[in-house]
Amino acid sequence: GVGTGPGDPQLVTRRAWTLVENARVIAYPAPDSGTSFARSIVAEAISEDAIEIPMIVPMRPGRAPAQSIYDDAAATIGEHLAAGHDVVVLCEGDPLFYGSFMYLLVRLKESHPVEIVPGVTSLSACAAAQARPLVARSDVLSVLPGTMDNDALAAAIVAADAVAIMKVGRHMPRLRALLHRIGLADTALYTSHASLPHERALPLAEAPDEAPYFSMILIYKGD
């Protein structure tokens with residue numbers, strides 16, 4: 001499981017880049033339309049003769065895509081592993097931070113050795129884009145999915161010293177209204193496509209209502 005970071009190829013670790021360059025078999029998540037973001041980050045490192053295994057994951061609301069997708073991918077990857085070939089699985093950000101790699105891990109770790117190469121997370125990239133701290137000293141950071149219902153989300157935000165709300169996307173208008181209600185909208189920060197050329201790092205008040213999936217809201221109460 002190889003983390004490819006938040007988007008900028010220069011934020012891929014040296015170890016991850018070397019593994020991709022030397023890989024003969026590469027697997028990666030891909031949407032049912034368009035290109036794989038994870039693959040695009042390290043495209044320059046992928047050998048022309050590498051065997052590629054795209055794992056088509058429909059972009060739909062819900063807890064997780066059909067488990068059959070990972071059953072099929074694990075079976076294909078397992079065949080290459082059984083034949084003695086290493087397989088590099090590309091993962092946006094970090095493999096184990098909201099990463100789909102975890103679904104392959106549970107299917108393969110009992111029968112094959114697994115190595116995980118950490119990657120720079122979107123959480124770190126968004127904080128860097130804003131040039132603002134995530135936490136300090138004894139602060140408590142809560143990482144929350146924007147898909148949570150309003151009451152649970154509000155309670156978690158109020159209880160934390162700092163908050164990162166991920167998976168903003170279509171939930172932006174609701175999240176903005178919730179933060180206004182609890183008095184934190186004026187200090188909240190919005191970032192989309194962190195580390196990429198079209199990165200946007202704005203106060204939440206200036207953020208668009210139509211937010212992309214790769215966006216995040218950061219709140220730090222220590223200021």
Side-chain angles (χ1 to χ4, degrees), residues 1-126 141 143-145 147 164 166-167 194-196 213-214 216:
V2 173
T4 60
D8 183 348
Q10 295 187 73
L11 292 179
V12 178
T13 65
R14 290 175 63 182
R15 175 153 182 74
W17 195 269
T18 299
L19 285 170
V20 174
E21 284 183 321
N22 295 328
R24 300 280 67 83
V25 185
I26 297 181
Y28 47 82
D32 44 4
S33 61
T35 59
S36 164
F37 182 42
R39 187 193 186 283
S40 70
I41 295 170
V42 295
E44 292 183 7
I46 298 176
S47 172
E48 291 184 1
D49 60 353
I51 297 171
E52 300 190 27
I53 306 172
M55 299 177 290
I56 307 302
V57 181
M59 297 294 121
R60 305 283 186 272
R63 180 171 179 79
Q67 295 304 301
S68 61
I69 294 171
Y70 297 109
D71 289 339
D72 293 343
T76 301
I77 292 169
E79 290 174 2
H80 287 282
L81 294 172
H85 305 138
D86 289 340
V87 178
V88 169
V89 180
L90 305 179
C91 316
E92 299 154 7
D94 180 87
L96 299 181
F97 186 65
Y98 286 105
S100 58
F101 179 72
M102 66 183 71
Y103 303 116
L104 295 175
L105 180 63
V106 298
R107 287 165 168 78
L108 294 169
K109 66 179 181 179
E110 298 301 327
S111 53
H112 301 282
V114 178
E115 179 182 352
I116 297 169
V117 180
V120 176
T121 69
S122 57
L123 183 61
S124 299
C126 288
L141 170 66
V143 180
L144 308 170
T147 52
M166 302 183 65
K167 304 181 181 181
S195 83
L196 293 168
Y213 181 79
F214 290 109
M216 187 181 301

Check your understanding: Would you call Tyr28 and Ile41 a side-chain contact if the rule is heavy atoms closer than 4.5 Å?
Key -> no

Review point. Hey, are the side chains of Phe214 and Leu196 touching, using non-hydrogen atoms and a 4.5 Å cut-off?
Key: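 Phe214 vs Leu196: side chains apart.
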
Distance-minimising heavy-atom pair for [X] and [Y]:
X: Phe101; Y: Pro95; value: CB-O, 3.7 Å
X: Asn22; Y: Arg24; value: O-NH1, 3.2 Å
X: Tyr98; Y: Pro145; value: OH-CD, 3.7 Å
X: Ala16; Y: Val2; value: CB-CG1, 3.4 Å
X: His80; Y: Ile53; value: CD2-CD1, 3.8 Å
X: Ala23; Y: Val88; value: CB-CG2, 3.7 Å

Exercise for review: Answer yes or no: are there more than 12 heavy-atom neighbours, outside Asp71 itself, under 6.0 Å from its atom CG?
Suggested key: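 Enclosed: over 12 neighbouring heavy atoms sit under 6.0 Å from CG of Asp71.
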
Check your understanding: Is Arg15 atom CZ crowded by more than 12 heavy atoms from other residues, nucleotides or ligands, each under 6.0 Å away?
Key -> no

Review point. So Tyr103 and Met55, side-chain contact (heavy atoms from CB on, under 4.5 Å) or not? Walk me through it.
Key: CA-CA 12 Å; Tyr103 303 116; Met55 299 177 290; over 6 Å; no

Review point. Does Ser122 reach the main-chain N or O of Pro6 with its side chain, forming a donor-acceptor pair under 3.5 Å?
Key: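 Such a contact is absent between Ser122 side chain and Pro6 backbone.
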
Point to revise | Donor-acceptor pair, side chain of Ser195 and main chain of Asp8, under 3.5 angstrom | key: yes

Review point. Run the side-chain contact (heavy atoms from CB on, under 4.5 Å) check on Arg107 and Gln67 step by step: do they pass?
Key: CA-CA 11 Å; Arg107 287 165 168 78; Gln67 295 304 301; 3.0 Å; yes

Any chance you could measure [X], atom [atom1], to [Y], atom [atom2], to the nearest 0.5 Å?
X: Glu110; Y: Leu105; atom1: CD; atom2: CG; answer: 9.0 Å
X: Thr147; Y: Met166; atom1: OG1; atom2: CE; answer: 10.5 Å
X: Leu81; Y: Leu108; atom1: CG; atom2: CG; answer: 6.5 Å
X: Ile26; Y: Asp86; atom1: CD1; atom2: CG; answer: 12.0 Å
X: Ser40; Y: Glu92; atom1: OG; atom2: CD; answer: 8.0 Å
X: Asp94; Y: Leu123; atom1: CG; atom2: CG; answer: 11.0 Å

Exercise for review: Would you sort out whether Ile51 and His85 count as a side-chain contact (heavy atoms from CB on, under 4.5 Å), showing the intermediate values?
Suggested key: CA-CA 11 Å; Ile51 297 171; His85 305 138; over 6 Å; no

Review point. Yes or no on side-chain contact (heavy atoms from CB on, under 4.5 Å) for Ile46 and Val20, after CA distance, side-chain angles and deciding distance?
Key: CA-CA 6 Å; Ile46 298 176; Val20 174; 3.8 Å; yes

